[in-house]
Amino acid sequence: MVLDQFRLDDQVAVVTGGARGIGFAIATALAEAGACVVIADLEVAGEQSAHQLRERGLQAEFRPLDVTRSAQADALAKSLVEHYGHVEILVNNAGICRNTPALETSDEEWLQIFDVNVHGVFWCSRAFGRVMAQQGRGSIINIASMSGIIVNKPQPQAAYNASKAAVAHLTRSLAAEWASAGVRVNAISPGYIGTEMTKRGLENPQWRKDWLELTPLGRLGEPSEVANCALFLASPASSYLTGSELVVDGGYTVW
Ligand code: NAD
């Protein structure tokens with residue numbers, strides 16, 4: 001049955017930044033497909049998010065993680081292998097964005113954005129990629145952005161744009177290195193999705209108008225619309241995809 005290929009029963013999935021927004025939608029979709037989901041986030045709110053899933057009879061737990069700390073990523077991978085014996089899915093979703101013109105971007109801000117968006121993706125991929133290579137199976141999904149493909153109007157965000165372009169190419173690099181070990185690595189590049197990250201921008205009437213006018217589908221995306229793609233990439237339904245980038249942007253990048 002074709003739909004059986006989307007099931008993730010008996011699999012362990014880690015979602016970084018899974019406490020809210022796109023990450024929580026992905027955690028929900030993977031748990032609904034049968035996976036035991038580990039929400040790994042800075043926020044204490046992650047415990048509530050995991051509790052929300054458990055109340056629905058789904059399998060979920062919260063583990064604190066700052067993705068910028070490689071030792072924490074290594075320790076989490078070790079602890080989950082000790083506890084579950086295996087980890088099949090990693091979603092590198094944690095990310096931050098700042099709308100600062102390039103000439104006003106401080107060293108600290110540039111480094112902070114790269115620390116979370118690029119270094120964090122690599123530290124977690126390395127920690128769990130090692131586990132997956134030993135198992136001979138695994139799927140890593142990196143949440144990049146359409147901002148890694150085009151320079152979106154109207155907000156300046158050079159550091160964010162560059163960091164997401166790096167994530168897309170890191171995805172292809174790891175996919176090439178780890179394919180023979182049975183580990184697939186793919187990216188999702190969302191357009192404008194309604195979350196905390198875009199809330200402030202939506203309050204700016206000009207930005208809101210531009211975002212909607214420049215998106216052929218004429219609306220923001222829902223976190224669940226990104227989560228559906230993550231479920232596809234996590235599951236055997238996408239078994240012949242690696243190094244790919246699914247652009248989930250309502251058509252923004254076609255114009
Ligand atoms: P959000 O701000 O709502 O949620 C981000 C989550 O990441 C939060 O739970 C936060 O606590 C966590 N986080 C931040 N820094 C962390 C760290 N150092 N360690 C662990 N967790 C950390 O954002 P969102 O809109 O849900 O975005 C999720 C991902 O999607 C990000 O990578 C973002 O760049 C990407 N994205 C979002 C949009 C959009 O329009 N919302 C568009 C393209 C790409």
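Starting from 1, each residue takes its place in the sequence as its number. Hydrogens, waters and symmetry mates play no part in the numbers below; they use all other heavy atoms, side chains included. Ligands are counted one by one from 1 in listed order, and the atoms in each one are counted from 1 as well. Bear in mind that the values here come from a model prediction, so they are computed numbers and not experimental data.
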Query - Within-cut-off N or O pair, Gly21 and ligand 1, under 3.5 Å - result: no
Report summary line: Numbered in order shown, the ligand 1 atoms found under 4.0 Å of a heavy atom of Glu43 are 11 (O)
Report task. Would you please classify the geometry between the Trp110 ring and the Phe114 ring as parallel, tilted or perpendicular, with 30° and 60° separating the classes? Result -> parallel
Query - Charged N-O contact under 4.0 Å between Glu213 and Lys209 - result: yes
Query raised in the report: At what distance is the nearest protein heavy atom to atom 40 (O) of ligand 1, and which residue and atom is it?
Result: Ile193 N, 2.8 Å
Report summary line: Counting from 1 in the order shown, the ligand 1 atoms closer than 4.0 Å to a non-hydrogen atom of Tyr192 are 40 (O)
Query - Presence of salt bridge, Glu203 and Arg200, under 4.0 angstrom - result: no
Report task. Quick one: sort the Phe6 and Phe232 rings into parallel, tilted or perpendicular, breaks at 30° and 60°. Result -> tilted
**Report entry** Atoms of ligand 1 close to Asp66 [distance to a heavy atom under 4.0 angstrom, numbered from 1]
**Finding:** 17 (C), 18 (N), 19 (N)
Requested in this report: Work out whether the distance between some heavy atom of Gly191 and some atom of ligand 1 is less than 4.0 Å.
Outcome: yes
Query raised in the report: Who's the nearest protein heavy-atom neighbour of atom 19 (N) of ligand 1, and how far?
Result: Val67 N, 3.0 Å
Requested in this report: Return the residue, atom name and 0.1 Å-rounded distance of the protein heavy atom closest to atom 5 (C) of ligand 1.
Outcome: Gly95 O, 4.0 Å
Query - Gln206 backbone acceptor or donor facing Asn204 side chain under 3.5 Å - result: yes
Query raised in the report: Measuring from the heavy atoms of Tyr160, does anything fall under 4.0 Å of ligand 1?
Result: yes
Query - Test side-chain contact (heavy atoms from CB on, under 4.5 Å) applied to Glu104 - qualifying residues, sequence neighbours left out - result: Thr100, Pro101
Report summary line: protein heavy-atom neighbour closest to atom 1 (P) of ligand 1 works out as Arg20 NE, 3.4 Å
Query raised in the report: Among the heavy atoms of Ala45, does any lie under 4.0 Å from an atom of ligand 1?
Result: no
Query - Nearest protein heavy atom with distance in Å, relative to atom 32 (O) of ligand 1 - result: Asn93 O, 2.8 Å
Query raised in the report: Among Leu65, Thr195, Ile143, Ile22, which one has a heavy atom closest to atom 37 (C) of ligand 1?
Result: Ile22
Query raised in the report: Counting only heavy atoms not in Arg172, do more than 12 sit closer than 6.0 Å to its CZ atom?
Result: yes
Report summary line: among protein heavy atoms, the one nearest atom 7 (O) of ligand 1 is Gly17 CA, 3.4 Å
Query - Criterion salt bridge (charged side-chain N to carboxylate O under 4.0 Å, His left out) on Glu82 and Lys78, from CA distance to verdict - result: CA-CA 6 Å; Glu82 279 166 11; Lys78 187 166 176 280; 3.3 Å; yes
Query raised in the report: When you measure from the side chain of Gln135 to the backbone N and O of Arg137, does any donor-acceptor pair fall under 3.5 Å?
Result: yes
Report task. Tell me which one of Asp41, Ile26, Ile39 gets a heavy atom nearest to atom 10 (C) of ligand 1. Result -> Asp41
Requested in this report: Check whether any heavy atom of Lys164 sits under 4.0 Å from an atom of ligand 1.
Outcome: yes
Query raised in the report: Is a salt bridge present between Arg54 and Glu47, judged by a nitrogen-to-oxygen distance below 4.0 Å?
Result: yes
**Report entry** Within 6.0 angstrom of Glu109 CD, more than 12 heavy atoms from elsewhere
**Finding:** yes
Report task. Give the atoms of ligand 1, by number and element, whose distance to some non-hydrogen atom of Glu196 is under 4.0 Å. Result -> 3 (O)
**Report entry** Ser238 and Arg184 side chains, donor-acceptor separation under 3.5 Å
**Finding:** yes
Query raised in the report: What are the atoms of ligand 1, with element, lying closer than 4.0 Å to any heavy atom of Ser145?
Result: 43 (C), 44 (C)
Report task. Can you measure from CD (Glu177) to OG (Ser125) and round to the nearest 0.5 angstrom? Result -> 11.5 Å
**Report entry** Flag for Thr16-Asn93: side-chain donor and acceptor within less than 3.5 Å
**Finding:** no
Query raised in the report: Backbone or side chain, does any N or O of Pro190 fall under 3.5 Å from an N or O of ligand 1?
Result: no
Query raised in the report: Who gets closest to atom 15 (N) of ligand 1 by heavy atom: Asn92, Thr16, Leu42?
Result: Leu42
Report summary line: Going by the 4.0 angstrom heavy-atom rule, the piece of Thr198 near ligand 1 is side chain
Report task. Give the residue and atom name of whichever protein heavy atom lies nearest to atom 22 (C) of ligand 1, and the separation in Å to one decimal. Result -> Ala94 CB, 3.6 Å
Report task. Under 4.0 Å, heavy atoms only, figure out whether ligand 1 is touched by the backbone of Val226, its side chain, both or neither. Result -> neither
